[in-house]
Each structure stands twice: as C-alpha cells, then as structure tokens.
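Single-structure report; data block below.
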2 protein chains.
Amino acid sequence: MTDPPRRRDRAATHAALLEAAQRRFASEGYDAVSVRDVAADAGVDAALVFRYFGSKAGLFRAATSPLPAPADLADGSAEALPGRLLRAVVPDAGQPVGEEQLLALLRSSGHAEARAQLHRQMCDGYVAALAELAEEPGRDLRAELVGALLLGISLQRSVVGTPALAAASAAEIEPLFDAAVTALLGSTGHGKRADSPDSPENQGAGQ
Amino acid sequence: MTDPPRRRDRAATHAALLEAAQRRFASEGYDAVSVRDVAADAGVDAALVFRYFGSKAGLFRAATSPLPAPADLADGSAEALPGRLLRAVVPDAGQPVGEEQLLALLRSSGHAEARAQLHRQMCDGYVAALAELAEEPGRDLRAELVGALLLGISLQRSVVGTPALAAASAAEIEPLFDAAVTALLGSTGHGKRADSPDSPENQGAGQ
DNA sequence: CCTCCAAGTCATCAAGCGTTGACATCCTAT
DNA sequence: ATAGGATGTCAACGCTTGATGACTTGGAGG
C-alpha cells in the first residue's frame, strides 16, 4: 500500500507471505495448499517461506495464530455480547473479520495441532465469556450451545452456502438469533433482561 | 465378521475399502489421506482402489454419497423431527450415524465438489424438512438456523471438543435444544408445544 | 566508488503422491 | 482336470511436494 517499487523489504515480504497464506489456507485448507502457491501469490520465491517461517507448519501457525481480537468483543456491555458475536460472524458491510482463521483451522482440522488451536480459541475466547451470561443449571453447556449456534451460522453461510442464511443480513437474523440465545441462556426463556449484571470482571481471554 | 479366510471376494473387498475410506476421510480430510493409506487399512493393494472406484476422487465420492438415510428421519411425526435430528447428531450409545460423512465433507470443503455435495445434502435433506415446521415470516431462514444449530453442535462435539457439550448426553442437551428450536421456528417463541413434551419413544437411529 | 551483509533466487534433492499396465493367483464352469 | 475370466499383487511411471544450500543481487555505510 505504501509504494509498489519497494523491493527487498523484509517486513513487506513477510507480511505479503502471511496474508497470502491466510487467504489460501482459509479457502483450501492446509494440505491442499503448497508453499509454492503461497509464494507465487505473494510474488516471491518459495524458499523465502522457509527463511521467514522455518517450515510450512510454521507458516500455518503464524497465519492462524492472530485470533480476531477478543478484546474487541469484550468491550461494551456484557449483555450485548451475543449480538456483537453475531455481527462478527455475519459481517454486514463485508468487513474483514477473523473468519478466515476459523475457516483455515476448520478446513485443516484433520491435523491435531489445528484442532488444538481451534479448541483453545473457542473455549478460552468466546465460550468463557458467554458462560458469564448463562444461568445456573448447566451454565457451560448453555454457553457452548450458543457457541454452537454461532459456529453453525458461520459455517452454513461460508461453506455450506445455505440460500436464505447466506443472503440474510445481520439485522434480519438478529431477532431470531436473540430469541434462540435467550432460550438457551435462561432456564426456560424467562427473560433475564436486567440492567445490572453480577459484575463479571472478566478481562478476557488473552491471546 | 463372517469369516476371515474368505479371500478373493469382490463385494467384501469393495466394502472394506469403502469403510476404510469413510473413516480416513472423516478424520483426516481428502488431501491428508493417500490411496495407499486406505488400501492398507483395508488390507489390500492400492491398485484395487482404481479397479473398483476409478480414482481417488471416485472413492471419495462413493464414501461420502450414501447420506444417512433421510427417509429414516422423515418417518415418524413431523413435530419430533428436530429431536430425532438431535439424536442423530449426538449419538447416545455410540451408534454409528452418518456423522462421518458430514465430517469428511467438511474437512474436505476446500474442494468445490465436496462443498457442492455438502450443500445438496444439507438443503435437500434436512433444511427442506425443517422448513415445513417453521412459521411464515422467513420460514427458510428459521429452518436454516435450526440446521446451523445442529451443525454447530455436531462440530463442537467432534472437532472443537468443547468440554460440556462433548460430555453431555442427548437427554441432557434436549431440553435446551428444544427451547432454542421452539424460539427459532415459532414467531416469537409463542410455544408451539402441542402434545406431550418428553416422550421420545425412539431409541435407535437406523442401522 | 567500493564493500559487504541482508534479501531474494535457482537448482536440486529425497520422498511421497495418483495412476497404470503387466504379471501372479485363485475360483468356477465345463 | 482344465481353461478362462475374475481378483489381487507388483513394479514402475511421471509429477509434485517440502526442504536445503549455493549462488546472485541490491542498497546502505565507509
């Protein structure tokens, strides 16, 4: 973005490689992507991948580790968290979310390492924050079910390509989504709308 | 199971190859599995894969095409459909459901053909049946959201490995699941419970 | 202007891949 | 018993892959 004629720039090359890897891994998965593919997308030689990232696995690790900023999700009222997560999963104006990393990890989930990172990202990131909103009998299970709904929405939109969901905007989905979340988090959907939550001082989820 | 000394049996070899392929593709995805792997699991030579299935892609197609019998899901009362789908997604006694095919397709979803089949299987199979239960304003969207919840539950259990959901039985999930489904299908969760809520007389998913 | 280290490229390796055709082996029908 | 086709095995092919080390090129400092 700065200037094209810049050649021999370590930082820029590193970044270009990383971005190309994110796109490729997200859309095709670990095994279907070759180091040469990524290098060609970035416009450099494949050997640089090994110079900068050590191995193909290192490149994958680097391309999937920067998770979509949980701090961004934790700030704001806790009650609005599900809604914010919904917007993160179904971007309204085509905004670049961390959805690519989720896809890359899912499409590569045959490998134990990818699965482990997916697990970490899910449990420590979203589900822990959601559990704060859930009621007692089976709080974790409730939170994980909300997480499942979000995961399912994201997947159905991006990989299954289900027609109505893929075409819908976040605003259209939200009422239904909210109703489901209320039912899942509250014991029998008794409406836990209150203005003062029980001060959950979570600072969230470190990277 | 019949008898080990049976050698040179076309049907048995074909079946062994297919079963091995289903397992491998489900747990590792298309690209991570080699034809030699599958053949070794089945205890035969890799060349037989090409004799019987034409190509690796043909083997994959054969291993993922037999979808888990939608007829099996359609039989019984329509209102109990979501519950039956839940049981299919979270098998109670470790019964072999068609979950493996779903996993295989998802882990191979970098390939357009796998994606297309996933799309077909989802839309024509489950979502269409679910849409019959949904109310008017946005019937398809409602049905697809229920599908998303099911997909998310399955994935969170089998690949993400979220603790509470992975440990829970279908009976523990069902009340929460039912509440969410009711909220999603009905207009504002107006309670479409008509008959006895908890009398699931089904115990066995089909074969 | 020249030097020199970082940044980038090239040629190459060994291993594994999907795929094929020739070959060996067993079952069956006559 | 024997011929013949079905069933299974083997060795090899061309190609791509991840990875490595020697080489070239560029730009900044003296």
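Every chain is numbered from 1 and lettered A, B, ... according to where its sequence line falls, protein lines coming before strand lines. None of these values were measured; they are calculated from a predicted model.
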[X] [atom1] to [N] [atom2]: how many Å, rounded?
{"X": "A:R36", "N": "C:dC13", "atom1": "CZ", "atom2": "P", "answer": "14 Å"}
{"X": "B:E28", "N": "C:dG16", "atom1": "CD", "atom2": "P", "answer": "15 Å"}
{"X": "A:F50", "N": "D:dG21", "atom1": "CZ", "atom2": "P", "answer": "12 Å"}
{"X": "B:L17", "N": "C:dG18", "atom1": "CG", "atom2": "C1'", "answer": "15 Å"}
{"X": "A:D31", "N": "C:dC17", "atom1": "CG", "atom2": "P", "answer": "11 Å"}

With side-chain hydrogen bond (donor to acceptor under 3.5 Å, both in side chains) as the criterion, how do B:S154 and B:E99 come out once you've worked through the C-alpha distance, each side chain's angles and the decisive distance to 0.1 Å?
CA-CA 8 Å; B:S154 176; B:E99 198 189 19; 3.1 Å; yes
Tell me whether [X] contacts the main-chain N or O of [Y] through its side chain, where contact means a donor paired with an acceptor under 3.5 Å.
{"X": "B:R24", "Y": "B:V38", "answer": "no"}
{"X": "A:D45", "Y": "A:L48", "answer": "no"}
{"X": "B:R115", "Y": "A:V159", "answer": "no"}

Result block: side-chain N/O donor-acceptor pairs under 3.5 angstrom for residues 50-60 of chain B, not counting sequence neighbours:
unit_1 : atom_1 : unit_2 : atom_2 : d
B:S55  : OG     : B:A57  : N      : 3.4
B:S55  : OG     : B:G58  : N      : 3.1
B:K56  : NZ     : B:Y30  : O      : 3.0
B:K56  : NZ     : B:V33  : O      : 2.7

Just the atom pairs and distances: protein N or O near nucleotides 7-9 of chain C's N or O, under 3.5 Å.
unit_1 : atom_1 : unit_2 : atom_2 : d
C:dA7  : OP2    : A:R10  : NH1    : 2.9
C:dA7  : N3     : A:R8   : NH2    : 2.6
C:dG8  : OP1    : A:D9   : N      : 3.3
C:dG8  : OP1    : A:T13  : OG1    : 2.7
C:dG8  : OP2    : A:Y52  : OH     : 2.6
C:dG8  : O6     : A:R51  : NH2    : 3.0
C:dT9  : OP2    : A:D45  : N      : 2.8

Considering every strand and a 4.0 Å limit on heavy-atom distances, what is the contact class for B:V38: base, sugar-phosphate, or nothing?
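It contacts nothing in the nucleic acid.
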Presence of salt bridge, B:R139 and B:E132, under 4.0 angstrom:
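No, this pair does not count.
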Below 4.0 angstrom from OP1 or OP2 of D:dT16, is there any side-chain N or O of A:S34?
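No, outside the criterion.
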